Amino acid sequence: MRTLIDVPDDDIKWLDRVAAERGKSRASMVREAISAFRAEAGKDWIARGAGYWKGRHDIGDAIEYQRAMRKDRDDGGSA
């Protein structure tokens, strides 16, 4: 199927540059983008968000945080 869409000039320039770098056509890049979007759109919000914090070392360990919170509750709030 062919379709006609309006895309901002800056996006077309970017798309053409990336397509050229990858040795692909603009149309094949758009088809791939739609396929990728469909694959992600079918997932629930938890599955889409899984791994966002992976590799972060500045936020601490989530499991240790949970254990500390539970210990605080079990101790009656005394630290």
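Remember, it's a predicted structure, so these values are computed and weren't measured experimentally. Keep in mind that the numbers below use all heavy atoms, side chains included, and drop hydrogens, waters and symmetry copies.
By the 6.0 Å contact criterion, CZ on R17 is enclosed, its count of non-hydrogen atoms from other residues, nucleotides or ligands being greater than 12. Annotation for D6: atom CG does not count as buried by contact number, only 12 or fewer foreign heavy atoms lying within 6.0 Å. Annotation for D9: atom CG does not count as buried by contact number, only 12 or fewer foreign heavy atoms lying within 6.0 Å.
The line from CZ of R70 to OH of Y65 is 11.0 Å long, rounded to the nearest 0.5 Å. Remark: D61 CG to R67 CZ distance equals 7.5 Å, nearest 0.5 Å. Within the model, atoms CG of D16 and CG of D11 stand 11.0 Å from one another, a figure rounded to the nearest 0.5 Å.
V18 is connected to I34 through a chain of hydrophobic side-chain contacts under 4.5 Å among Ile, Leu, Val, Met, Phe, Trp and Tyr, so both are in one cluster.
When atom types are taken as modelled, the side chain of S35 and the backbone of R31 share a donor-acceptor pair closer than 3.5 angstrom.
As a member of the Ile/Leu/Val/Met/Phe/Trp/Tyr network built from side-chain separations under 4.5 Å, I12 groups with I5, V7.
Shown here for R26 and A19, the closest heavy-atom pair between the two residues is N-CB, 4.2 Å.
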